Visitor: 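Below are the structure tokens for one structure; questions will follow.
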There are 2 protein chains.
Amino acid sequence: MNYPTGVKKDYEKEVYHGNRGMALEDDINETNQYYLNNNIAVIHKKPTPISIRKVDYPSRLEAVIKEAYFKVPSTTDYNGIYKGKYIDFEAKETRHLYFPLANIHKHQIEHLRKVVNHGGIGFIIVRFSKLGETYYLSVQKLFSFLETSTRKSIPREYFMTKGHLLKEKYSPRLDYLNIVDKIYFEGE
Amino acid sequence: MNYPTGVKKDYEKEVYHGNRGMALEDDINETNQYYLNNNIAVIHKKPTPISIRKVDYPSRLEAVIKEAYFKVPSTTDYNGIYKGKYIDFEAKETRHLYFPLANIHKHQIEHLRKVVNHGGIGFIIVRFSKLGETYYLSVQKLFSFLETSTRKSIPREYFMTKGHLLKEKYSPRLDYLNIVDKIYFEGE
């Protein structure tokens with residue numbers, strides 16, 4: 001598997017420069033809040049990892065960070081608990097008609113692999129923003145792709161055939177636990 | 001339960017002003033790294049939640065945060081997976097000979113309550129730095145205290161009788177999963 005250089009830069013761009021990634025993040029945050037309010041699951045987005053260099057204290061009560069840098073995340077952005085199971089996932093938006101693997105850090109893939117090895121449920125959520133399509137792809141299917149392909153991106157067809165389309169609704173906006181139910185809790 | 005004002009300030013002080021809290025954090029981070037390296041568990045500290053107001057881009061490759069503020073955390077600092085179980089805890093160091101409840105945010109207590117309701121394992125780790133004693137206290141015991149006492153702090157005796165002393169070792173420095181084993185996996 002080949003990770004092009006500039007992964008860090010790309011990541012920051014997606015999160016901080018433009019609107020790319022924010023719409024999906026909003027939808028997932030709203031969905032997680034719905035799950036929390038309705039006592040369905042406890043899943044949160046982790047804060048953005050930063051390295052703090054300088055903090056000012058203009059008053060006794062106030063602390064202002066004056067210099068800090070974005071760090072490469074060592075885990076995924078989202079985790080929590082659902083029906084007693086540990087849940088862990090990463091969410092990415094792309095304007096391409098394929099999913100560039102550079103959008104996910106190697107550390108994050110390794111993290112997801114460990115999660116699954118310890119009995120957790122791992123997946124990625126990918127939105128093709130130009131098509132308005134959002135998919136759930138289990139890490140098992142992600143790993144199969146990585147093991148059998150040398151491509152630097154996952155084609156949309158792979159998500160269509162191996163993943164699950166997440167239909168957007170009013171509330172919750174992106175009911176990804178519905179797919180978790182189908183894969184892990186069906187027939188219980 | 002009574003939360004004094006200034007909780008946010010206290011929290012930031014513990015984390016950023018002095019060394020208070022850092023030694024325990026280091027010990028737990030080292031322990032988590034040991035668990036990760038030895039394929040025992042996947043448990044990470046969440047990044048400090050901050051609110052970013054201003055980012056400069058001195059070059060195409062670099063992003064510098066020039067203004068940001070600490071946010072009150074809505075969850076605990078540590079979570080992950082162990083033997084298929086969701087693990088969630090908060091760690092605090094105190095120089096007092098009792099544990100002031102103001103050291104834990106109300107949001108964090110509520111979060112731990114939800115975690116347990118969904119089948120997760122929750123606890124707090126408290127170090128009495130002047131005594132060099134570190135305790136594991138399950139959230140069940142924490143909740144019993146909160147429900148039966150109007151005190152604004154938990155006496156050390158409560159940790160001694162209802163909690164578990166975590167003996168410090170060379171590696172892992174603070175083997176808290178040993179206690180999780182005793183409570184949840186004994187006899188398996």
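Being a predicted model, the structure only gives us computed values, none of them experimental. Throughout, a chain's letter reflects where its sequence line sits, starting with A, and its residues are numbered from 1.
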Visitor: Hydrophobic side-chain clustering at under 4.5 Å (ILVMFWY, transitive links): who's grouped with B:Y86? Put none if nobody.
Guide: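 B:Y86 shares its hydrophobic cluster with A:L36, A:V42, A:I81, A:Y86, A:V115, B:L36, B:V42, B:I81, B:V115.
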Visitor: Looking at B:A41, B:A68, B:G119, B:G80, which one has more heavy-atom pairs under 4.5 Å with chain A than the rest?
Guide: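 Counting heavy-atom pairs under 4.5 Å, the top option is B:A68.
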Visitor: In terms of heavy-atom proximity below 4.5 Å to chain B, should A:N117 be classed as side chain, backbone, both, or neither?
Guide: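 For A:N117, no heavy atom lies under 4.5 Å from chain B.
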Visitor: Take B:I65 and A:Y69 through the test side-chain contact (heavy atoms from CB on, under 4.5 Å) and record every step on the way to the result.
Guide: CA-CA 6 Å; B:I65 298 162; A:Y69 298 88; over 6 Å; no
Visitor: Please list, chain by chain and in numerical order, all residues satisfying salt bridge (charged side-chain N to carboxylate O under 4.0 Å, His left out) with B:E168, sequence neighbours excluded.
Guide: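 B:E168 satisfies salt bridge (charged side-chain N to carboxylate O under 4.0 Å, His left out) with B:R127 once adjacent residues are dropped.
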Visitor: Is B:V64 reachable from A:I50 through a run of hydrophobic residues whose side-chain heavy atoms are each under 4.5 Å from the next?
Guide: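 Not linked; separate clusters.
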Visitor: For the interface with chain A, which of B:K46, B:R53, B:K54, B:K85 has the highest count of heavy-atom pairs at distances below 4.5 Å?
Guide: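 Winner by heavy-atom pair count: B:K46.
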Visitor: Side chain from CB out, backbone as N, CA, C, O: work out which of these in A:H44 comes under 4.5 Å of a heavy atom of chain B, or both, or neither.
Guide: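 The answer is the side chain of A:H44.
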Visitor: Any link between B:L131 and B:V126 through a network of hydrophobic side chains (Ile, Leu, Val, Met, Phe, Trp, Tyr) touching at under 4.5 Å?
Guide: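 Result: yes, single cluster for both.
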Visitor: Would you please name every residue forming a side-chain contact (heavy atoms from CB on, under 4.5 Å) with B:K167, sequence neighbours left out?
Guide: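 B:K167: no side-chain contact (heavy atoms from CB on, under 4.5 Å) contacts found.
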Visitor: Which answer fits B:D88, side chain, backbone, both or neither, if we ask what part of it has an atom under 4.5 Å from a heavy atom of chain A?
Guide: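 Contact with chain A involves no heavy atom of B:D88 at all.
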Visitor: Could you have a look at B:I40, B:D56, B:I87 and say which one has the most heavy-atom pairs with chain A under 4.5 angstrom?
Guide: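 Winner by heavy-atom pair count: B:I40.
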Visitor: Between atom NE2 of B:H118 and atom NZ of A:K83, what is the distance when rounded to the nearest 0.5 Å?
Guide: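 Spacing of NE2 (B:H118) from NZ (A:K83) equals 11.5 Å.
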Visitor: Please say yes or no: joined through hydrophobic side-chain contacts below 4.5 Å, possibly via intermediate residues, are B:F128 and B:I124 part of one cluster?
Guide: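 Yes, one cluster joins them.
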Visitor: Near A:Y98 OH, under 6.0 Å, is it more than 12 heavy atoms from other residues, nucleotides or ligands?
Guide: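 12 or below, so no.
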Visitor: How about residues 154-166 of chain A versus chain B: which residues have heavy atoms under 4.5 Å apart?
Guide: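 No residue falls under the 4.5 Å cut-off.
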